[in-house]
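Just passing along the structure, written as structure tokens.
Order of listing sets the numbers, starting from 1, for every ligand and every atom in it. On a predicted model such as this, the values are computed, not experimentally measured, just so you know.
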Amino acid sequence: MSPPNLHPAPLWDLRLGDCVEGMRALEDASVDVVVTSPPYNLDIDYGTFADNAARGEYLEWCDSWANQIRRVLKPEGSFFLNIGASPKNPLLPHQLALRLEPLFRLQNTIHWIKSITVKTRQGEQVSAGHFKPINSRRFLTDCHEYVFHFTHRGDVPLDRLAVGVPYAHKSNIARWSHTGGQDRRCRGNNWFIPYQTIRSREAQRPHPATFPAALAEQCLKLHGLRENMTVLDPFLGIGHSAIAAATCGAARFIGFELDPVYHAEACERVAALSAPTCGADPGLFD
Ligand SMILES: C[S@@+](CC[C@H](N)C(=O)[O-])C[C@H]1O[C@@H](n2cnc3c(N)ncnc32)[C@H](O)[C@@H]1O
């Protein structure tokens, strides 16, 4: 894919208020990429939003915003939906994915890995990422969330190599003709993206349930960066998707956030982006 003429900074549209109401004012088929993480209905203390509805009520509410996303998403657009579970609610992400089945095709399922232990080629066991242990004899500590990649028809071409990785065994470059001699292969659907290490949550990440900007950035690059790209996040939080949109040269970013404190924080973060640069890979170790 040829490099598009990217914008130095998006036209920002960060709105305080309900996203369902807000999205009603957007034009049909006007958004290239939606990257978002709604409340998971796991009783998180969000300040304004009550995250503890009955499951049926929650899923009905999801219908209301998902219908708006379907309407505003361009025919070739991508909708990346980040959602996690809890040990006591392991099926929630799948229930939501099934619920959205009449509206979208599930084109890809990505696993966002927050913490992992691997054995290196030297045989050393290495742990990386942010591990938040739970005290339980029943449940494993949950180290991942889902990113469901929905599209209208399941046939949106992607820029897989934009988020690709080098071959571990270089002999594969010549062995497989589809490489075209390039040392880059598809990354696959396990994405290890740790949170940035912070000293003070209150000061540096004042929100109980965020995703790293690098996660949204990888989604945007996978969809394929293009000129005049419009990115939407109906559940903006403190603005990590907005930062990713700027990094990726989006022309326009629209975000909605119900809570005035988070909205103000997102606006501050966006204002601080004077000269967005291409995001570096997050470091491996916490
Ligand atoms: C999981 S958080 C998103 C966090 C965000 N991805 C980040 O990294 O900062 C969900 C957010 O949706 C907001 N929210 C809940 N209901 C909303 C609604 N109807 N319209 C807009 N925002 C809403 C909550 O206040 C919360 O900040």
Ala266, portion touching ligand 1 at heavy-atom distance under 4.0 Å: neither
Residue pair Tyr40, Glu145: steps toward the side chain to side chain contact (heavy atoms under 4.5 Å, CB included) verdict: CA-CA 11 Å; Tyr40 303 169; Glu145 294 193 11; 2.6 Å; yes
Sub-6.0 Å ring centroid separation between His152 and Phe79: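 No - the distance between ring centres of His152 and Phe79 does not fall below the 6.0 Å cut-off.
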Where ligand 1 meets Pro234 - atom numbers and elements under 4.0 angstrom, heavy-atom basis: 21 (C), 22 (N)
Shortest heavy-atom approach to atom 20 (N) of ligand 1 - which of Pro206, Cys19, Gly84: Cys19
Derivation and outcome, side chain to side chain contact (heavy atoms under 4.5 Å, CB included), residues Arg105 and Phe150: CA-CA 5 Å; Arg105 294 295 291 272; Phe150 292 108; over 6 Å; no
Carboxylate-amine/guanidinium contact Glu124 Lys119, below 4.0 Å: no
Option whose closest heavy atom lies nearest to atom 1 (C) of ligand 1, chosen from Tyr40, Phe235, Tyr46, Phe211: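 Looking at heavy atoms only, the winner is Tyr46.
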Numbering as shown, the atoms of ligand 1 that approach Ser37 to under 4.0 Å (heavy-atom distance): 1 (C), 2 (S), 3 (C), 10 (C)
Numbering as shown, the atoms of ligand 1 that approach Phe49 to under 4.0 Å (heavy-atom distance):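 Selected atoms, number and element: 15 (C), 16 (N).
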Atom indices of ligand 1, in the order listed, that fall short of 4.0 Å to a heavy atom of His240: 7 (C), 8 (O), 9 (O)
Non-hydrogen atom of Gly22 closer than 4.0 Å to ligand 1: no
Minimum side-chain heavy-atom gap Asn82-Tyr146 below 4.5 Å: no
Tyr262: numbered ligand 1 atoms lying under 4.0 Å from its heavy atoms: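 Every atom of ligand 1 under 4.0 Å from some heavy atom of Tyr262: 25 (O), 27 (O).
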Subset of ligand 1 atoms that lie under 4.0 Å from at least one heavy atom of Ala209: 1 (C), 2 (S), 3 (C), 4 (C)
Test item, Val20 contacting ligand 1 (heavy atom, 4.0 angstrom): no
Nearest neighbour in protein (non-hydrogen) for atom 11 (C) of ligand 1: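 Checked against all protein heavy atoms, atom 11 (C) of ligand 1 sits closest to Glu257 OE1, 3.6 Å.
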Salt-bridge criterion met for Arg252 and Asp13 (N-O under 4.0 Å):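 A salt bridge links Arg252 with Asp13.
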Pair Lys221 + Asp159, salt bridge at N-O below 4.0 Å: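 Result for this pair is no, no salt bridge flagged.
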Test of proximity, Asp18 against ligand 1: N or O pairs below 3.5 Å: yes
Asp45 CG: over 12 foreign heavy atoms closer than 6.0 Å: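 Result for CG/Asp45: open.
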Derivation of the ring pair (Phe, Tyr, Trp, His ring centres under 6.0 Å) call for His223 and Phe80: CA-CA 9 Å; His223 174 75; Phe80 294 93; 7.1 Å; no
Pairing of Glu76 and Arg153 as salt bridge, 4.0 angstrom limit: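 Arg153 and Glu76: salt-bridged.
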Contact check, side chains of Cys19 and Glu257, non-hydrogen atoms, under 4.5 Å: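 They are not in side-chain contact.
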Atom indices of ligand 1 within 4.0 angstrom of Gly237 heavy atoms, with elements: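 In order of numbering, the contacting atoms are 4 (C), 5 (C), 9 (O), 27 (O).
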Residue part near ligand 1, for Leu236, under 4.0 Å between non-hydrogen atoms: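 The answer is the backbone of Leu236.
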Atom 9 (O) of ligand 1: the protein heavy-atom neighbour that sits closest, reported with distance to 0.1 Å: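 Result: Ile238 N, 2.9 Å.
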Per-residue contact class, Pro38 against ligand 1 - non-hydrogen pairs under 4.0 Å: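 It is the backbone that gets close, since no side chain atom is under 4.0 Å.
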Contacting atoms of ligand 1, where contact means under 4.0 angstrom from a heavy atom of Gly17: 20 (N), 21 (C)
Pro234 and Ile69, any side-chain heavy atoms less than 4.5 Å apart: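 In contact.
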Heavy atom of the protein closest to atom 22 (N) of ligand 1 (residue, atom name, distance):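 I find the closest protein heavy atom is Leu258 N, 3.2 Å.
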